[in-house]
Structure formats: C-alpha cells, structure tokens
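In listed order, ligands and their atoms are each counted from 1.
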Amino acid sequence: MHDTIRNQFEQDGYVVLEDFLRPAECDEIKAAGIELAKNVPETEQKTVFATTNEQDIQRTKDDYFMNSNDKIRYFYEERAIGDDGKLKVDPAEALNKVGHALHLLHPIFRCYTYSDRVKAVCHQLGFKEPAVVQSMYIYKNPRIGGEVVPHQDATYLFTEPIPPLGFWIAIDDATIQNGCLWMAPGSHKSGVHRRLTRNPDKEPAFIYDRPAAVYPESSFTPVPVSKGTCILIHGNVVHKSAHNKSPNSRHGYTFHVVEKKDNNYSPENWLQEGEGAPFLNLYTTPQMV
Ligand code: FE2
C-alpha cells in the first residue's frame, strides 16, 4: 500500500518530512531566534527550564511559566545561571527556550506557523478544526543545552479523544552529537502514561498524577535530520533528546496543534486559552496580521 504520512503517523507515532523548509527560510528563523536571545529585556526574571529535576518548583518560577501563554518569555539553561542568580555564560548562548506565544506575537514565527505547508499536513492527518496553542524556539546551545528526559507531549497538553500534534522543525542540522530527537516508534499506542495538572492556589502550582514511567533504552531510536526537516510528533509518542555536548548549536522551532472539533481540551492543562492567547483555527488564520 502507498505509504502516506497518515499511515506512517498512525504506525510509528512520528513522521520525518525532509525539506519542509528551505535553508534560507531556516536562516531567517534562526536570525529571529538569535535576535530574541540578544535582546532579553532587563526586566525579565532569570527562570531556568530543565526537565531533569521535578522537585525544583517555586511559586514565582511557576507563575512566570504559567503566564507565558500570551507572551514571549525567556527560559534559561540550568548550567547558565550561577548561585548568585547571574549568568555564567555568554547571554547569547544561555537560553534553553523562548515561548509560548511566538506564533501570535512575532511576525516571522507567525508566518511559518500559519503557512500553507502546515495547513496541508493538518489536512492530510484529518484535522477538521486545528488550532495552534503554543510555540517555542529551542536553542539547545553548544555544550550547555540540557537533556530532555523521555516524555509524551500529552502529559503537558492533554486533549481527548484526539491527542495534540507537535511540529518540530530543525533550524540547524540535528545530530546525535548535538542532541537530536530520539523516538520510541509505536509507543503512542499505549495511552497517556502520566499527566501534569494545575493545582490552583496551592504549592506547587503543578502536580504530576503519578511517577515518571521508566522506558527501556532499547525502545528509542535516534532521528538525526538536516536543517529544514520537520518531525511530526503524535501527542502520545514517547521521545527525548540528549545533552548537547558538541560545539554546535541545535536550534529548533516547535509548536503544537490541537483539534477543536468534537475534542476536549483539559481545563487542568497548564496552558489555557486566554484573551491574548486565542486558540485560532489554523485553516482560517492569515500569516500576516
Ligand atoms: Fe516533547
């Protein structure tokens, strides 16, 4: 049978789309990402984003994260900030990521999110009323870019019965050395293994409903890709990425799409639709404001 992206998506839980963006388009996005890193407003607090320490929860940090749905906010690498709260490394290489409303607030990211190519993929996967709900520019900077432990995106963004869809676009070549994605093919067929939910007015602000699942190393396969490749990620597929120990950056642009038609968006997700962060229908939203 002819292997469509839908067949492959259903079989493996991810699909690799080479040449999704042209090199010059990646260069434009990369310049925008670097520009953001070079111009972090003085007023921004220095908040670390790391997936390795689940106990590292503080109210201010959680608020900064939780209220980033309609803003462009800056999250640092754990290794970039000293005990005195000051940067230990070049500010241009200190960020873990920027998020979560680039698709709404930044003209370049908006343009590449609400594109005909993205719409075509959603059509092909059968989305009736897809909405982009969050976006992130991920730096994975040389030597400092931290690992992302095995997880399912649906742990953080739970929708049922139709799980969310991630677009992950390599802005640099992603290699085993600089921390490419590792996927567990077929793992999306085993449901959602745990959820992170809001814990209103209490400490901590988010709670997991159960401990992290343990996955055998052998279930993961590395997916090195060249710049411009898009990896489509099923919300329930288990994936991870390693610490970037190389001298090369591994920038990426990623955003998530949820089905709005006949689908429930959990009110317990950290990310909620807001006045400044509407979940706009991808098919009818223009690329330019
Ligand atoms: Fe993920």
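- Counting only distances under 2.8 Å, and ignoring water, the protein N, O or S atoms around the Fe ion (ligand 1) are H151 NE2, D153 OD1, H239 NE2.
- Comment: E217 engages K240 in a salt bridge, judged by a side-chain N to carboxylate O separation of less than 4.0 angstrom.
- Side chains of K227 and P23 form a contact here, defined as non-hydrogen atoms less than 4.5 Å apart.
- Residues passing the side-chain hydrogen bond (donor to acceptor under 3.5 Å, both in side chains) test with S190 are H193, sequence neighbours excluded.
- By the side chain to side chain contact (heavy atoms under 4.5 Å, CB included) test, E10 is found to be paired with R6, residues two or more places apart in sequence or in another chain being considered.
- With sequence neighbours left out, the side-chain hydrogen bond (donor to acceptor under 3.5 Å, both in side chains) criterion links D90 to no other residue.
- Heavy-atom contacts from other residues, nucleotides or ligands closer than 6.0 Å to NZ of K88 number more than 12.
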